[in-house]
Amino acid sequence: MPLLEVSDLRRSFGGVAAVDGASFTVEGGALTGLIGPNGAGKSTVVGLIAGSVRATGGRIAFRGQPITNRSEMERSRLGITRTYQLSSEFARLTVMDNLLVGPKHQPGEVLVGAMMGRHHWGRIEDANIVKARSLLSRFGMADAENAYAGELSGGQKRLVEIMRALMSDPQLLLLDEPMAGVNPVRILEIESVLTALRREGVTMLLVEHELDTVERLCDAVIVMARGRVVATGGMADLRSRGEVVDAYLVG
Amino acid sequence: MNLAMQFYLTTLLVFLGVNVLACWGLNLQFGVAGVINFAFVVFQAIGAYTTAVLSMGPDTAYGGFQHYILGNKLPFPLPLLIGTAVGALLGLLLGMIGLRRLRSDYEAMVMLVVSVIATKFVTSDTGLLNGPAGLALIPHPLASTLGLAPIDYAWFYVGLVAVSCALCYVVVHRITNSPYGRMLRAMRENERAAVALGKNVAAMRLAVFAVGGGIAALSGGLLAGFIGAWSPGGWLYVETFTLFTAIIVGGMGSNLGAVVGALLVPVVFLEGTRFLPTIGSSEVMAGLQWIVIGLLAMAFLWFWPRGIVPERRSAYAPGELPSQGSHPALPLERHSS
């Protein structure tokens, strides 16, 4: 059973169909690319899966369960976590605090639990801090632990966002153009991070329009154009079949 | 210290304590959680009115010179506690407005309108809370039981306010310095991203409305019990802006900043200007005060947006750093399929 199953998904904004009957699946443990020209509906699909955008038709199933009518918060709690095309760091929180907002089920995030004091939530907090530090050191950002996230470079903000999402132990990580607006050196860093995550079995759906990047990273690729899925398969395969080129041309 | 000076000092201290409480409540809502509650002073007012009517007894006792509802003579500290609870309940109720996913600037406007309507409502109906004249002869809590000389009672009241401050400090400190406080700040910084991480922002908004509202109501109850009177003129919407200015000057998001702001703006500033020579009529002076308060807020937002005591940058004790070379696997749940 695929981890995520999207069938005939639709969303229109004021009569304009941004997503017009898209169907695809995302296999667990794989890094799936979602590509297509501007306006193909990629970001809307991410919003529809994450729940920030409501579908006007079709259905989405996660681990076999329909989630089309679940709220964004509920979907996040089921393990669907996203990053944004525009940086969405918590600017006046430190990098460490940004990461610590990630984990779910924190006893100190319940009002009564917080009032009970540190002895009630400290143990889990400490475990989360250790986990955050190990992520920071892996992502080469250990020195930035106490920096305000708003003061980081664009690429570092992206990494913070990815790490924050990872802190929540996502079952499905939706990455909406994580390399957009990031300098080339950082892009390679983010690529190596994604490669590592893929090796470790994290399921990801990556929206990207750099085809070379997608070819290097992704196991499977979904090609969208004008709100529909026009092709799926391996990147090399798709290139030879010409659908990708066509999609970019018609887009 | 002579007696007059002692009275003046105790009055200032009670006034300071009450404003510190209010600033903590507002700081929790605005400074920490980013919720703009322009009806804040209404919570202070409902605390004051509730505490008053529940300690004054039925209005028939006053020979018809003031009329109010729910008159009762409950023993201390029940009126104060019920007043606090009513403030928290009102917080839940008004907080619901924010649940409609209004943009925060629209929500702020709605709250301002609520504040103006509340004043109009209480002012126009004399049977409700004695209209524009307000309530007088509100009993001083425990005054008859203690039987102290007036100045000793004033010092007792300073103690009562101090104890209230200490209790509230524990509450706000524990909230703001916990993962819950961090989550509130995350909501302030980027609500959309907080939702995407599974945080229940609706519940958080309600919680800060209720807790902040309860603290505001407590401060109002304490103030009414001290002055012995409470009228609509004391809780005009502009009072909310004095408190906002206090938070901005002291440092948004900082509990210590709220204390500094409460000391500087409502106490030193508003109180201090009383000693200035009057220019024109007293009305001109009162008007000038509001203008200067507004300018003060603007100046700080412009030149010193973090305030005198900025929100503390959190730091976590250095623990064991993962040793280089032996990268632990990413701490993730693996997908099992």
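Throughout, protein chains are lettered first and strands after them, A, B, ... in sequence-line order, and every chain is numbered starting at 1.
- For B:R188, the part sitting under 4.5 Å from any heavy atom of chain A is the side chain, from C-beta outward, and nothing else.
- Note: A:R92 leads A:Q106, A:R77, A:R82, A:R92 in heavy-atom pairs under 4.5 Å with chain B.
- Ranked by heavy-atom pairs under 4.5 Å with chain B, the first of A:M96, A:E125, A:K104 is A:E125.
- A cation-pi geometry, defined here as NZ or CZ lying under 6.0 Å from the six-membered ring centre and within 45° of its normal, does not hold between B:R205 and B:F209.
- Neither the backbone nor the side chain of A:P107 comes within contact range of chain B; no heavy atoms are under 4.5 Å apart.
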For this session: Show the numbers, then the answer: is there a salt bridge (charged side-chain N to carboxylate O under 4.0 Å, His left out) between A:R198 and A:D219?
Result: CA-CA 9 Å; A:R198 173 186 157 209; A:D219 302 295; 2.6 Å; yes

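- A cation-pi contact, defined as under 6.0 Å to the ring centre and within 45° of the axis, links A:R11 to A:F13.
- Contact annotation for B:V170: neither backbone nor side-chain heavy atoms come within less than 4.5 Å of a heavy atom of chain A.
- Both cation-pi conditions hold for B:R192 and A:Y84: the charged atom is under 6.0 angstrom from the six-membered ring centre and inside a 45 degree cone around its axis.
- The greatest number of non-hydrogen atom pairs below 4.5 Å with chain B, out of A:N146, A:D97, A:V101, A:T94, is found for A:D97.
- Of the listed residues (A:T81, A:L136, A:L111), the greatest number of heavy-atom pairs within a distance under 4.5 Å of chain B belongs to A:L111.
- For A:R164, the parts lying near chain B are the backbone and the side chain together; criterion is any non-hydrogen pair under 4.5 Å.
- When the shell of 6.0 Å around CZ of B:R313 is examined, it contains more than 12 heavy atoms from other residues, nucleotides or ligands.
- Looking at B:F244, B:W24, B:F241 one by one, the single match for ring pair (Phe, Tyr, Trp, His ring centres under 6.0 Å) with B:F30 turns out to be B:F244.
- Proximity to chain B involves both the backbone and the side chain of A:S88, based on heavy atoms less than 4.5 angstrom apart.
- Contact count versus chain A (heavy atoms, under 4.5 Å) is highest, among B:G181, B:A194, B:G198, for B:G198.
- If you measure heavy-atom distances from A:A50 to chain B, you find no contacts under 4.5 Å at all.
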For this session: Report the C-alpha separation of A:D126 and A:K131 in whole Å, then their side-chain angles, then the decisive distance to 0.1 Å, and conclude whether the salt bridge (charged side-chain N to carboxylate O under 4.0 Å, His left out) test is met.
Result: CA-CA 9 Å; A:D126 290 342; A:K131 184 171 162 180; over 6 Å; no

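- With a 6.0 Å cutoff to the six-membered ring centre and a 45° limit on the axis angle, A:R158 does not count as a cation-pi contact of A:F139.
- No other option in A:M115, A:R75, A:M116 has as many heavy-atom pairs under 4.5 Å with chain B as A:M115.
- Cation-pi geometry between B:R185 and A:F90 is not met: the NZ or CZ atom fails to fall both under 6.0 Å from the ring centre and inside 45° of the normal.
- A:L100 touches chain B through backbone and side chain together, each having a heavy atom under 4.5 Å away.
- Residue A:E89 touches chain B through its backbone alone, counting heavy-atom pairs closer than 4.5 Å.
- Across B:N200, B:V171, B:L184, the residue that shares the most heavy-atom pairs under 4.5 angstrom with chain A is B:N200.
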Exercise. Can you check salt bridge (charged side-chain N to carboxylate O under 4.0 Å, His left out) on A:E109 and B:K199, steps first, answer last?
Worked result: CA-CA 9 Å; A:E109 283 193 349; B:K199 308 303 171 192; 2.8 Å; yes

